[in-house]
Amino acid sequence: MSSLTVTLKDGSLHEMEPGSTWSQVAAGISRKLGKEALAARVDGAVDDLQSQAQQDRQVEFLTFADEDGRAVFRHTSSHILAQAVQRLFPGTKLAIGPAIADGFYYDLDSEHVFTNEDLAAIEAEMRRIVKEDHPLVRRDVSREEANEYFTLRSEPYKLELIQDLPADVQVSLYKQGEFIDLCRGPHLPSTGMVGAVKLLSIAGAYWRGSEQNKMLQRIYGTSFPKQNDLDEYLQRIEDAKRRDHRKLGQELDLFGIADEGPGFPFFYPKGMIIRNQLEEFWRQLHRQWGYQEIKTPMILSRELWERSGHWDHYEENMYFLKIDEEDYAIKPMNCPGGIICYKRRPHSYRELPIRYGELGLVHRHERSGVLHGLMRVRCFTQDDAHIFMMPEQITGEIIKVIKLIDFIYKTFGFSYRMELSTKPENAMGSDEIWEQATDALKQALEQNGNAYKINEGDGAFYGPKIDFHLQDTLGRNWQCGTIQLDFTMPECFDITYIGEDGEKHRPVMIHRTAFGSIERFLGILTEHYAGAFPAWLAPVQARVITVADRHIPVASEVAASLEQRDFRVEVDDRNERVGYKIRDGELEKIPYLLVVGDKEAEAGAVSVRKRGQGDLGRISVGDFAVQLASDIAQKA
RNA sequence: GCCCACAUAGCUCAGUAGGUAGAGCGUCGCCUUGGUAAGGCGGAGGUCUCCGGUUCGAGCCCGGAUGUGGGCUCCA
């Protein structure tokens, strides 16, 4: 019988025996690939290595280095988790157990409340299953057979899943040892390939993500081919914890949240310096980019919020109050205030676009369970702006905003991705207007050459939006910047401009932020820099350290001279040894420590110690000032 | 809001069989005047988150509230 031919990733052809599996094909290519391959991508679709190889296919072998390969690896890990749980806790009902970014989870329903001690036991059982090295065997079955099986096993969630599978989907089961799960696959050939597993946490999760449904118990875990990789990953998690902005905010005395104000952050003097630097940077940039700054009131009348649509569409996030028997609301957004500014007098088309920037403090009611340090709070300062323009200015203006936001993120070295959110259920305005606005955003993105993902139904109630998502050190994404295009509010507030023709016309609005929220951005920055803020942001840029008490006058002179040049300087004249004060300064992550003793006093110099780099030697105060100024100018 | 866990000095944490609280760091005082990541000695500092219960007696056991953490849901 003649051999079969498949095309490999690099375009080369590979001959193989009829009836061989992808696994055998991989092994035939190289020993290494045979060992490392986890799954095969056949004509674009990921398949089991155990599947029979077929003639004339494009095949690519996936290893742990591939995202899809990792997903298969983790998916099999989640089956092992479920198997272990059912061995130790018979009667536990299984919901779903997918692979996620850095691991996997399984949602379980059990009378038993799982504890951390249970996790250790389950983990041990998982290792046993790995050691037992069960092959995973796929079997396609009829719906009737699947229903029968899971009815017999009393697995209500599986039955519900089967019922909701589209009619044309083949139902399949995967078996490993005594354990059988409903699963589309693909899977590793055998449980023995899962080298190292670790269960990380237990959390509640609603069945199918809906609060209407029962709360299940979710066990999170991760797995790697080698113990070493797992250890490295766990180390990374530890490092990330050390960078947690809540911890650093406390340690560096920057900001915090008191029990007296859940979700309402406090900024201490040092945190305030960073904040003010960010805001100064923002103001300077926005002046350059043609924005004018405004400030609008925190409390405005019910009538205004009814008109803007917030009263109907945003009520559950708002705080209300009465003044002299009249209803008022604390602003959850700055836009109505910006519109009132625009409306204070008529505008000519010659003035447009008008860009009103506002660092506006907004309050939003967030559910108690979602609060998280500075990242998720109940009051925050949006670096907002409202741009009023003619319809023909839309694309150009949106591209400008994208460029401005890009410039800001690059200043901090952040990577980000963009998402376009479309009309939500709870929306104002007609479908036509939404389509027009959404198309305008798409056009700007495409014209500017930006890649983006579409997020159906996630727009603001008044318009579609482009969101910017930054990635933090834990790999979490934070929504920061946003650009929202709005045809609705100009209508609600009946705002106009006088056109070339002398008639009134309706302007279009952009709502946008770059930082998103100063608070969240500062939280992200704190983690990004691990608290070691660059000199332009650092609360203390240099600290002068005295060697002995007799150097206090010289140290004060050095500090005064630097302060005169507008640097943020402190003197540590405590009666302690140099080593002690150095250690303190390093722990406080101060960019420069300047040691002043006899030698420096005599030479009119300072010994410079740069954060993380150690002693750089003696230079004059003037030279140091030049160096620091250069760091600040470069935002380095 | 929901599930689970946690809440002890300014901070980080011990407190093991219920018998009216401990350490390190920080702070204050004294000694030391020391050259690049912690000198020495001493002192002060706590209604053990709050409310209620069990008990002769509660930091510890029980119930509730509040807050925090990990998630779910929701968002900048």
Side-chain angles (χ1 to χ4, degrees), chain A residues 105 107 113-116 200-220 241 244 246-247 250-251 253 256-263 314 316-317 332-333 360 362 364-384 421 458 460 465 467-470 478-482 484 511-521 523-524 545-552 574-588 593-600 607-618:
Chain A
Y105 65 79
D107 281 349
V113 175
F114 293 105
T115 64
N116 283 318
L200 298 168
S201 60
I202 311 168
Y206 297 106
W207 165 237
R208 302 202 140 175
S210 165
E211 318 177 33
Q212 314 303 326
N213 294 336
K214 184 166 182 187
M215 174 74 66
L216 307 174
Q217 299 186 68
R218 174 173 296 178
I219 297 182
Y220 281 96
K241 268 190 205 155
D244 191 310
R246 292 166 299 185
K247 193 171 153 66
Q250 155 96 281
E251 284 172 5
D253 204 23
I257 293 180
D259 287 355
E260 289 81 352
Y314 210 69
E316 55 184 31
N317 286 296
M333 294 189 195
V362 297
R364 296 184 185 175
H365 180 71
E366 297 289 349
R367 304 214 255 176
S368 58
V370 308
L371 302 176
H372 178 92
L374 248 38
M375 304 297 203
R376 194 68 187 277
V377 291
R378 284 180 171 153
C379 77
F380 57 97
T381 309
Q382 289 187 304
D383 64 318
D384 216 340
S421 297
D458 220 20
K465 58 180 185 170
D467 288 324
F468 292 73
H469 295 257
L470 291 188
W478 292 104
Q479 187 176 328
C480 291
T482 179
Q484 309 173 344
H511 312 233
R512 48 112 284 188
T513 64
F515 293 142
S517 124
I518 304 279
E519 289 76 4
R520 174 178 291 182
F521 200 80
I524 294 169
I545 289 173
T546 53
V547 173
D549 285 352
R550 64 178 176 282
H551 307 115
I552 293 177
R574 288 177 301 174
N575 179 6
E576 290 291 350
R577 288 175 156 70
V578 175
Y580 181 91
K581 293 195 265 194
I582 292 283
R583 175 182 154 84
D584 245 26
E586 288 282 350
L587 289 176
E588 286 178 51
L593 300 176
L594 307 175
V595 178
V596 174
D598 289 336
K599 288 173 255 179
E600 290 79 9
S607 280
V608 179
R609 185 188 167 98
K610 190 167 183 176
R611 180 176 59 201
Q613 292 181 25
D615 194 351
L616 298 185
R618 259 197 315 266

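A, B, ... follow the sequence lines: proteins, then strands. Residue 1 opens every chain.
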State whether the distance check finds a donor on one side and an acceptor on the other, under 3.5 Å, for side chain A:Arg577 versus base B:A37. no
Length of the line joining A:Leu216:CG and B:C72:C1', which is rounded to integer Å: 10 Å
Expressed as a whole number of Å, how far does the P atom of B:C60 sit from that of B:C51? 13 Å
Under 4.0 Å between any heavy atoms, over every strand shown, what does A:Tyr580 touch: base, sugar-phosphate, or nothing? Just pick one. sugar-phosphate
For B:G15 and B:C72, measure between their P atoms and round to the nearest Å. 32 Å
Centroid distance below 5.5 Å plus an interplanar angle below 30 degrees: do A:Tyr220 and B:G71 meet both conditions? no
For A:Val377, answer base if it contacts any base atom (sugar-phosphate contacts may also be present), sugar-phosphate if it contacts only those atoms, and nothing otherwise; contact means non-hydrogen atoms under 4.0 Å. base
Assign A:Glu366 to base, sugar-phosphate, or nothing according to its heavy-atom contacts below 4.0 angstrom with the strands shown. base
Nucleotide nearest A:Val547 (side chain, heavy atoms from C-beta), chosen from B:U33, B:G35, B:C75: B:G35
Heavy atoms only, 4.0 Å cut-off, all strands: where does A:Ser368 land among base, sugar-phosphate and nothing? base
Taking B:A14 as the reference, what is the distance to B:G24 when you measure between their C1' atoms (whole Å, please)? 11 Å
Across every strand shown, the nucleotide meeting Watson-Crick or G-U wobble geometry with B:C30 (both distances under 3.5 Å) is B:G40
Give the rounded distance in Å between these two atoms: CD of A:Glu260 and C1' of B:U49. 11 Å
For B:A76, take OP1 and OP2 only and decide whether either is under 4.0 Å from a side-chain N or O of A:Lys465. yes
So what does A:Val595 touch, heavy atoms closer than 4.0 Å: a base, only the sugar-phosphate, or nothing? base
P spacing across the pair B:A7 / B:G59, given as an integer number of angstrom: 15 Å
Given the P atoms of B:G69 and B:U55, what is the spacing between them in whole Å? 37 Å
By the 4.0 Å heavy-atom rule, please label A:Glu586 as base, sugar-phosphate, or nothing. base
Report the nucleotide, chosen from B:C3, B:G1, B:G34, that has the shortest atom-to-atom distance to any side-chain atom of A:Asp549. B:G34
Identify whether any heavy atom of A:Arg218 sits under 4.0 Å from a base atom; if not, whether one sits that close to sugar-phosphate; answer base, sugar-phosphate or nothing. sugar-phosphate
Salt bridge present between A:Arg367 and A:Glu211 (N-O < 4.0 angstrom): yes
Quickly work out the A:Glu588 CD to B:G26 P distance and round it to whole Å. 12 Å
Out of B:C75, B:C4, B:G71, which has the shortest distance to the side chain of A:Arg364? B:C75
Applying the 3.5 Å cut-off to both distances, the Watson-Crick or G-U partner of B:G45 turns out to be none
Take the protein atom CG of A:Leu587 and the nucleotide atom C1' of B:C11, then report the distance between them rounded to whole Å. 13 Å
With rounding to the nearest 0.5 angstrom, report the CD1 to NE2 distance, A:Ile545 to A:His551. 13.5 Å
Looking only at side-chain atoms of A:Ser607, point me to the closest of B:C4, B:G35, B:C74. B:G35
Determine the contact category for A:Lys599: base if any of its heavy atoms lies under 4.0 Å from a base atom, sugar-phosphate if only primed atoms, P, OP1 or OP2 are that close, otherwise nothing. base
May I ask you to say what A:Gly597 touches in the nucleic acid, namely base, sugar-phosphate or nothing, with a heavy-atom cut-off under 4.0 Å? base
Touch check for A:Arg550, heavy atoms < 4.0 angstrom, all strands: base, sugar-phosphate only, or nothing? sugar-phosphate
Watson-Crick or G-U wobble partner for B:A58, using a 3.5 Å limit on both distances? none
By the 4.0 Å heavy-atom rule, please label A:Arg574 as base, sugar-phosphate, or nothing. sugar-phosphate
Rounded to whole Å, CG of A:Asp107 lies from C1' of B:U73 at a distance of 13 Å
Which base sits across from B:G18 as a Watson-Crick or G-U pair, both distances under 3.5 Å? none
Under a 3.5 Å cut-off for both contacts, is B:C72 paired Watson-Crick or G-U wobble with anything, and if yes, with which nucleotide? B:G1
Does a side-chain N or O of A:Gln250 approach OP1 or OP2 of B:U12 to a distance below 4.0 Å, or not? yes
Nucleotide paired to B:U66 in any strand shown, Watson-Crick or G-U, under 3.5 Å: B:A7
Considering every strand and a 4.0 Å limit on heavy-atom distances, what is the contact class for A:Asp467: base, sugar-phosphate, or nothing? nothing
When all nucleic acid strands are considered with a 4.0 Å heavy-atom cut-off, which category describes A:Asp259: base, sugar-phosphate, or nothing? sugar-phosphate
Within the 4.0 Å heavy-atom criterion, would you say A:Glu600 contacts the bases, only the backbone, or no part of the nucleic acid? base
Measuring only the P atom in each nucleotide, how far is B:A21 from B:A44? A whole number of Å is fine. 15 Å
B:A23 -> Watson-Crick or G-U wobble partner, both distances under 3.5 Å, gives B:U12
Has the side chain of A:Arg376 got a donor or acceptor atom that lies under 3.5 Å from a matching backbone atom of A:Leu371? no
